[in-house]
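Computed from heavy atoms alone, side chains included, the values below leave out hydrogens, waters and symmetry copies.
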Amino acid sequence: MKAVLIVCLVLILAKVLTQLWLEGLNRRHVLAHGKELPQAFKGLMDEAAYAESVQYTLANGRLRQIELVYNAAVLAAVLLSGVLPWGLHWFRQTLGGAAWSMAALLFATGLVLSLSGLPLDWYDQFRLEERFGFNTTTPRLWWLDRLKGLGLGLGLGYPLLWLVLKLVEWIGSGWWLWAWGALLGFELLLAVLAPVLILPLFNKFAPLPEGSLRQRLLALAERTRFRARSIQVMDGSKRSRHSNAFFTGFGSYRKVVLFDTLIQQLAEPELEAVLAHEIGHFKKKHIPKTLAAAALGSLAGFYVVSVLSRQAGFYRAFGFEPGNIVPALLLFGLLSGVATFWLSPVAHWWSRRYEYQADAFAAQVMREPGPLIGALRKLNEKNLSNLTPHPLYSGFYYSHPTLLERERALGGGGKYEL
Ligand SMILES: [Zn+2]
């Protein structure tokens, strides 16, 4: 029994110590390059913008370090204090052991854990982001967003938990395959509902007005045989000055969404290049491939839960009685991150490969890399991105290559050594 707990604690510690080590490594690397504008960025941005990005990176890193220690402490406390078996007992005594009550326990555990993260989320938005001029959210909007998120969790997440528990009752040992099927169906439903019901809860969408930009983007869609129902502008500036672009919907319902902040920051050929990059992801089938990989991951996850639920020693180590699926779901939800963390460099390496492919596609359909390079430079500057991450740090965490890596791959002809 003790051995199980020790292994879990070692895994939690190994993860948080590795993360803290990576933060320290990155911090020293950024500081070493932070005294003056590196040669590679001369002529690309001014000293002041670079210095600001260094300060933003350092401040973010500090907050991350606090967050890592805090989250690891909360996780260890939840696992070792006996609060989980106590909660299970309380729910059984008060509400009974039916699926709806046990689903409520799982939901409540997730809710309490996300509440524990609120103070640091608040600090991030209203202190850190505010200090660097990114925050445009009001406290009222911030709380409203969280309430809406809770409502969505109750309306969509809770029924899914209930269904998984019911599948265990109905099917027995093969439940995990059915639960996986239910999750896939649920995700498909979400993908259909998101553009019409969920996203409009948080933002306003309006068609891109008639004009030269709209004509240019529609011509690009035509040239690349990309079918889209409309091009929409989203009021991202309501929350933050960070910018983005994405697609929603399927087939002929597909919509291209541009943040209003992106339109303010980029020139028309640069916006065209950003859309060309997004179309590149689509043409190279990155989206279904990523979804398929995620589906395999969740299949493995459900299988692991079904195996854990049969390990009496594992249950007793955390103070649970064997014979019920709920503790396995709880413990898996809390602990899976300490194992999957070690897979994140592979997942991110894969994601960076896709970014290079989408960049190459954009350069090809634009017939030159210039507009995309221009867009990437501006976006990195406006978002105060870390331009000099430690290679191990970006290898672990970055879903996108750095600006210099992308320019080098696009053959922009600059000087790419720091
Ligand atoms: Zn991309």
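Using a 4.0 Å cut-off between a side-chain N of Lys or Arg and a carboxylate O of Asp or Glu, Arg352 and Glu355 do not qualify as a salt bridge. Between Glu272 and Arg223, at least one side-chain nitrogen of the basic residue sits less than 4.0 Å from a carboxylate oxygen of the acidic one, meeting the salt-bridge criterion. Using a 4.0 Å cut-off between charged side-chain N and carboxylate O, Arg239 and Asp145 make a salt bridge.
For residues 111-125, every residue pair satisfying the side-chain hydrogen bond (donor to acceptor under 3.5 Å, both in side chains) rule, not counting sequence neighbours, is listed here: Gln125-Asn135, Gln125-Thr137. Legend: side-chain hydrogen bond (donor to acceptor under 3.5 Å, both in side chains) pairs involving residues 54-83, not counting sequence neighbours, sorted by first then second residue: Glu23-Arg64, Tyr56-Glu129, Tyr56-His242, Arg62-Gln65, Arg64-Tyr397.
For the ring pair (Phe, Tyr, Trp, His ring centres under 6.0 Å) criterion with Trp176, the lone passing option out of Phe302, Phe332, Tyr303 is Tyr303.
When all heavy atoms of Gly149 and Phe202 are compared, the closest pair comes out as N-CZ, 4.2 Å. Here the closest non-hydrogen pair linking Tyr354 and Thr290 is CE1-OG1, 3.7 Å. Across all their heavy atoms, Pro85 and Gly319 have their closest contact at CB-O, 3.4 Å. Leu22 approaches Tyr393 most closely through the heavy-atom pair O-CD1, 3.4 Å. The shortest non-hydrogen separation linking Leu201 to Lys148 is O-NZ, 2.6 Å. Minimum heavy-atom separation, Thr402 to Pro389: CG2-CG, 3.5 Å.
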Per-pair distances, 0.1 Å, donor-acceptor, side chain in residues 92-109, under 3.5 Å, sequence neighbours excluded:
from	atom 1	to	atom 2	distance (Å)
Thr94	OG1	Trp90	O	2.5
Ser101	OG	Gly96	O	2.6
Thr109	OG1	Leu105	O	2.8

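The cationic group of Lys283 does not satisfy the cation-pi geometry with Phe361, failing either the under 6.0 Å distance to the six-membered ring centre or the 45° limit from the ring axis. Both tests do not hold together for Arg146 against Trp143: distance to the six-membered ring centre under 6.0 Å, angle to the ring axis within 45°.
Tyr158 and Trp162 share no side-chain donor-acceptor pair at under 3.5 Å. Under the 3.5 Å distance criterion, with hydrogens and angles disregarded, no donor-acceptor pair is assigned to the side chains of His29 and His390.
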